> 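Below you will find the structure I want to go over with you.
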Amino acid sequence: MYLKEKSIAPRTNWAGNYAYQAASLLTPASIDELDELAELQQLLPTLTHVKALGARHSFNSIADTIGTQISLAAFKSKSLDTSDPAHPTVTIGAGVTYGDLAPWLHAQGFAVPNLASLPHISVVGACATATHGSGIANQCLSAAVSAIDLVTAGGELLHLSRSANPDIFPGAVVALGALGIVTSLTLDLEPTFQVVQTVYENLPFHELEHSLLHIFSAGYSVSLFTDWQQHRASQAWVKRKLTGPEPPPDPKTFFGATRQTAKLHPLPRHSAENCTEQLIPGPWHERLPHFRMDFTPSSGAELQSEYFVPLAEGFNAIRAVEELRDRITPHLFITELRTIAADDLWLSMAYARDSLAIHFTWRPETDAVLSLLPLIEAQLAPFAARPHWGKLFTTPSATLQQLYPRLADFRELASQLDPHGTFRNDFLTALLV
Ligand SMILES: Cc1cc2nc3c(=O)[nH]c(=O)nc-3n(C[C@H](O)[C@H](O)[C@H](O)COP(=O)(O)OP(=O)(O)OC[C@H]3O[C@@H](n4cnc5c(N)ncnc54)[C@H](O)[C@@H]3O)c2cc1C
């Protein structure tokens with residue numbers, strides 16, 4: 001049975017900048033996923049407008065609907081499959097967050113290749129928007145998905161896998177909730193690993209002109225932070241994978257930047273207490289995110305935007321944004337620069353191109369941010385910048401159409417699986433015109 005959440009106050013996303021319009025939110029009454037799955041199959045054909053809600057961490061209307069939101073947060077199942085030792089996998093219920101999954105996987109000797117900056121997001125919601133971490137060879141988190149179970153608007157339970165459905169699977173992983181309610185995902189695993197992170201301060205931007213690739217290849221995962229002032233990255237976070245018992249060499253200087261002498265927060269004058277351990281090796285899930293699992297990341301009240309440009313154009317794109325520095329900095333907590341390896345997922349921001357992602361953590365000043373975004377987007381237009389689906393952007397629909405070569409195929413897939421537009425919302429309608 002699905003229960004209607006009774007709420008007098010408007011329900012909002014995590015950042016509080018978006019109030020859901022959905023008339024109601026339904027949640028399963030029990031954690032018996034099989035029972036509730038059967039109920040869901042009966043329920044969906046009776047509804048006209050539906051959207052799955054994950055952990056509410058997107059900054060825009062992507063998870064909203066004028067009808068009914070459905071949250072499967074109670075679906076917490078996790079099941080390892082090691083029957084093929086060369087290809088271990090885990091199948092998880094739609095409510096599992098990376099915070100639920102990662103320590104559990106590590107305890108059993110496994111890992112997923114990468115993580116985002118915070119653990120509170122649901123795996124399904126994150127993979128629906130091509131959420132990513134950093135790393136020159138690391139693809140977005142969705143690239144680890146090898147199978148999906150979803151219930152369509154007509155109530156059909158579909159099992160899609162990379163091996164059995166190679167023609168449509170790359171369109172069904174980063175699907176922005178447009179194809180149905182995903183009830184479980186299967187992820188490819190690798191053996192657990194150890195990481196050590198070192199922070200360097202003050203990396204001059206001119207080093208990026210000829211050494212951008214070397215800088216981002218210096219570790220398994222590398223992030224640069226900047227407030228766009230003084231033509232420099234205020235910090236470089238280099239996360240190296242341990243391949244033996246000893247940590248890899250840790251030079252005192254790094255492309256003009258100086259190795260830290262104490263644990264640091266990406267924002268100046270913020271306590272580093274809530275950051276993951278630096279300088280001391282530890283398991284992947286306690287080093288790849290910048291923030292500890294038990295703390296609210298960054299400043300809490302914030303907005304975010306992010307744009308993906310071709311990695312080869314990374315330096316020029318950074319220079320283009322830098323021209324706006326005096327407009328950007330007053331409204332900014334911090335910018336993070338990360339790299340994402342190309343993939344074949346039709347709506348991934350890194351589709352078919354190795355990417356540099358230019359991220360902005362903004363102060364919670366919606367009007368100022370929304371008036372700045374078109375300026376940033378104009379600066380990045382020559383680089384065919386793809387905005388992160390889950391963050392704030394103002395890129396017009398006509399531009400988005402040109403940025404995704406497989407968008408027409410996705411539109412076709414969505415209309416096959418959802419012919420009456422049950423899962424369409426304003427966000428998707430603008431995209432799938
Ligand atoms: C503090 C903070 C830090 C962040 N850090 C990063 C980062 O490091 N890297 C990055 O790339 N992004 C980051 N993000 C963005 C975030 O990862 C994405 O917005 C992600 O999609 C949020 O997942 P969610 O579980 O909250 O899903 P929601 O925001 O609730 O939903 C997102 C989408 O998933 C769909 N969805 C959810 N559940 C289902 C389901 N069961 N079936 C079908 N569709 C479903 C929704 O319909 C919607 O389209 C961050 C966000 C915040 C607030």
Side-chain angles (χ1 to χ4, degrees), residues 11-18 20 22 25 27-28 37 40 44 50-65 69-75 92-100 114-134 138 140-142 148-152 172-185 221 223 288-291 295-306 308 333 336 338 340 347-350 355 357 359-362 364 387-392 417-418 423-425 427-428 431:
R11 289 182 301 105
T12 69
N13 62 347
W14 173 87
N17 70 303
Y18 185 84
Y20 297 116
L25 170 68
T27 54
L37 184 58
L40 186 62
L44 279 180
V50 182
K51 202 74 185 156
L53 182 65
R56 301 182 300 110
H57 276 62
S58 294
F59 290 87
N60 57 38
S61 62
I62 191 169
D64 204 4
T65 171
Q69 282 178 316
I70 295 182
S71 165
L72 299 186
F75 281 21
I92 50 154
V96 170
T97 64
Y98 280 99
D100 299 328
N114 211 355
L115 291 170
S117 67
L118 85 170
H120 311 86
I121 46 178
S122 71
V123 177
V124 170
C127 290
T129 64
T131 289
H132 62 97
S134 191
N138 290 326
C140 71
L141 308 188
S142 326
I148 301 175
D149 288 301
L150 83 158
V151 180
T152 65
V173 181
V174 180
L176 318 179
L179 306 182
I181 308 280
V182 175
T183 55
S184 71
L185 281 185
S221 166
S223 294
L288 291 176
H290 308 321
F291 299 99
F295 279 90
T296 304
S298 199
S299 264
E302 64 187 48
L303 301 172
Q304 296 187 8
S305 312
E306 190 167 37
F308 283 55
F333 281 125
E336 182 175 4
R338 291 180 279 188
I340 302 91
L347 292 194
S348 160
M349 292 82 75
S355 301
H359 163 91
F360 303 83
T361 301
W362 301 108
H388 191 306
W389 296 119
K391 303 185 181 182
L392 291 177
L417 296 187
D418 182 23
F423 299 110
R424 291 282 176 102
N425 56 10
F427 187 99
L428 284 171
L431 177 68

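When a ligand or atom number is given, it counts from 1 through the structure's own listing order. As the structure is a prediction and not an experimental result, all values here were calculated from the model. Sequential numbering from 1 along the given sequence is applied to the chain's residues.
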> Is there any N or O on Ala128 that sits under 3.5 Å from an N or O of ligand 1?
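No; every N/O pair is 3.5 Å or more apart.
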
> Quick one: does any side-chain atom of Gln69 pair with a main-chain N or O of Ala63 as donor and acceptor, under 3.5 Å?
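Between the backbone of Ala63 and the side chain of Gln69 there is a qualifying donor-acceptor contact (under 3.5 Å).
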
> How close do Thr152 and Leu417 get, heavy atom to heavy atom, and via which atoms?
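Closest approach of Thr152 to Leu417, heavy atoms only: CB-O, 4.0 Å.
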
> Can you tell which part of Val124 has a heavy atom less than 4.0 Å from ligand 1: side chain, backbone, both or neither?
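Side chain only.
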
> When only distance counts, is Tyr20 in polar contact with ligand 1, meaning an N/O pair under 3.5 Å?
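No.
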
> Going by the order shown, which atoms of ligand 1 are within less than 4.0 Å of some heavy atom of Ala116?
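Answer, ordered by atom number: 7 (C), 8 (O), 9 (N).
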
> Have a look at ligand 1 and work out which part of Leu176, if any, has a heavy atom under 4.0 Å from it: side chain, backbone, both or neither.
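Backbone only; the side chain of Leu176 stays clear of ligand 1.
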
> Could you pull out the closest heavy-atom pair between Leu428 and Asn425, with the gap in Å?
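Answer, listing the atom of Leu428 first, then Asn425: N-OD1, 2.8 Å.
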
> Using modelled atom types only, decide if a donor and an acceptor are shared between the side chain of Asn114 and the backbone of Asn138 within a distance under 3.5 Å.
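No: the side chain of Asn114 does not pair with the backbone of Asn138.
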
> Ignoring hydrogens, just give me the one of Gly177, Ala63, Ala52 whose non-hydrogen atom is nearest atom 47 (O) of ligand 1.
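Going through Gly177, Ala63, Ala52 one by one, Ala52 has the nearest heavy atom to atom 47 (O) of ligand 1.
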
> Are the side chain of Trp389 and the backbone N or O of Leu347 linked by a donor-acceptor pair below 3.5 Å?
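Looks like yes, one N/O pair under 3.5 Å.
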
> With heavy atoms of Gly390 as the reference, note each atom of ligand 1 found under 4.0 Å away.
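Heavy-atom distances to Gly390 below 4.0 Å select 19 (O).
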
> May I ask you to decide if His57's main-chain N or O and Asn13's side chain share a donor-acceptor pair within less than 3.5 Å?
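No, Asn13 side chain to His57 backbone: no donor-acceptor pair under 3.5 Å.
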
> Would you check the N or O atoms of His132, main chain and side chain alike, for any that come under 3.5 Å of an N or O of ligand 1?
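Yes; the residue has a nitrogen or oxygen that sits under 3.5 Å from a nitrogen or oxygen of the ligand.
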
> Just going by heavy-atom distances, which of Val174, Ile121, Asn60 is nearest to atom 22 (C) of ligand 1?
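Nearest option to atom 22 (C) of ligand 1, by heavy atoms: Ile121.
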
> Which of these, Glu302, Arg56, Lys391, has its nearest heavy atom closest to atom 13 (C) of ligand 1?
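Closest candidate by heavy-atom distance is Lys391.
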
> If you measure from each heavy atom of Ala126 to ligand 1, is any distance below 4.0 Å?
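Yes, Ala126 has heavy atoms under 4.0 Å from ligand 1.
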
> With a cut-off of 4.0 Å, which atoms of ligand 1 are near a heavy atom of Ser117?
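Those qualifying, in numeric order: 3 (C), 4 (C), 5 (N), 6 (C), 7 (C), 8 (O).
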
> Kindly determine whether Asn17 and Leu392 satisfy side-chain contact (heavy atoms from CB on, under 4.5 Å), including the steps that lead there.
CA-CA 10 Å; Asn17 70 303; Leu392 291 177; 4.0 Å; yes

> Between Asp149 and Ser184, do the side chains contain a donor N or O and an acceptor N or O under 3.5 Å apart?
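Side chains of Ser184 and Asp149: pair found under 3.5 Å.
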
> For ligand 1, which is the ligand I care about here, please tell me if Ala94 has any N or O atom under 3.5 Å from one of the ligand's N or O atoms.
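Checking ligand 1 against Ala94, no N or O pair falls under 3.5 Å apart.
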
> Mark yes or no for whether Thr65, through its side chain, and Ala22, through its backbone, hold a donor-acceptor pair below 3.5 Å.
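No; judged by distance alone, with no hydrogens or angles, the pair does not exist.
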
> Below the 3.5 angstrom mark, is there an N/O of Gly125, backbone or side chain, next to an N/O of ligand 1?
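Yes, since at least one N or O of Gly125 sits under 3.5 Å from an N or O of ligand 1.
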
> Between Ser142 and Val173, which heavy-atom pair has the shortest distance, and what is it?
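Of all heavy-atom pairs spanning Ser142 and Val173, the closest is O-CG1, 3.5 Å.
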
> Assess the residue pair Ser355 and Met349 against the criterion (side-chain contact (heavy atoms from CB on, under 4.5 Å)); give the C-alpha distance rounded to whole Å, side-chain angles, the decisive distance to 0.1 Å, and a yes or no.
CA-CA 8 Å; Ser355 301; Met349 292 82 75; over 6 Å; no

> Where on Ile62 is there a heavy atom closer than 4.0 Å to ligand 1, on the side chain, on the backbone, on both, or on neither?
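Both the backbone and the side chain of Ile62 come within reach of ligand 1.
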
> Distance under 4.0 Å to a non-hydrogen atom of Lys51: what atoms of ligand 1 satisfy this?
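Those of ligand 1 that fall under 4.0 Å from Lys51 are 47 (O).
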
> Is Arg338 touching ligand 1 with its side chain, its backbone, both, or neither, if touching means heavy atoms under 4.0 Å apart?
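The answer is the side chain.
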
> Any side-chain donor paired with an acceptor under 3.5 Å for Thr361 and Glu302?
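Checked: Thr361/Glu302 side chains show no N/O donor-acceptor pair below 3.5 Å.
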
> Counting heavy atoms only, which part of Phe59 comes closer than 4.0 Å to ligand 1: side chain, backbone, both or neither?
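The part of Phe59 near ligand 1 is the side chain, not the backbone.
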
> Looking only at heavy atoms, what is the nearest atom pair of Arg338 and Gly133, with distance?
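That would be CD-O, 3.7 Å.
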
> Looking at ligand 1, is there an atom of it that comes within less than 4.0 Å of some heavy atom belonging to Gly180?
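Heavy atoms of Gly180 do come under 4.0 Å of ligand 1.
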
> Answer with yes or no whether the side chains of Gln304 and His388 bring together a donor and an acceptor at under 3.5 Å.
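His388 vs Gln304: no donor-acceptor pair found between side chains.
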
> Counting only nitrogen or oxygen atoms and a 3.5 angstrom limit, does Trp14 reach ligand 1?
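In fact, backbone or side chain, Trp14 has no N or O that close.
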
> Heavy atom of Phe423 under 4.0 Å from ligand 1?
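So Phe423 does not count as touching ligand 1.
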
> Taking only heavy atoms of Ile181, which atoms of ligand 1 are found under 4.0 Å from at least one of them?
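In order of numbering, the contacting atoms are 42 (N).
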
> Near Ser122, which atoms of ligand 1 are under 4.0 Å from a heavy atom of that residue?
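Listed by number with element, the hits are 25 (O).
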
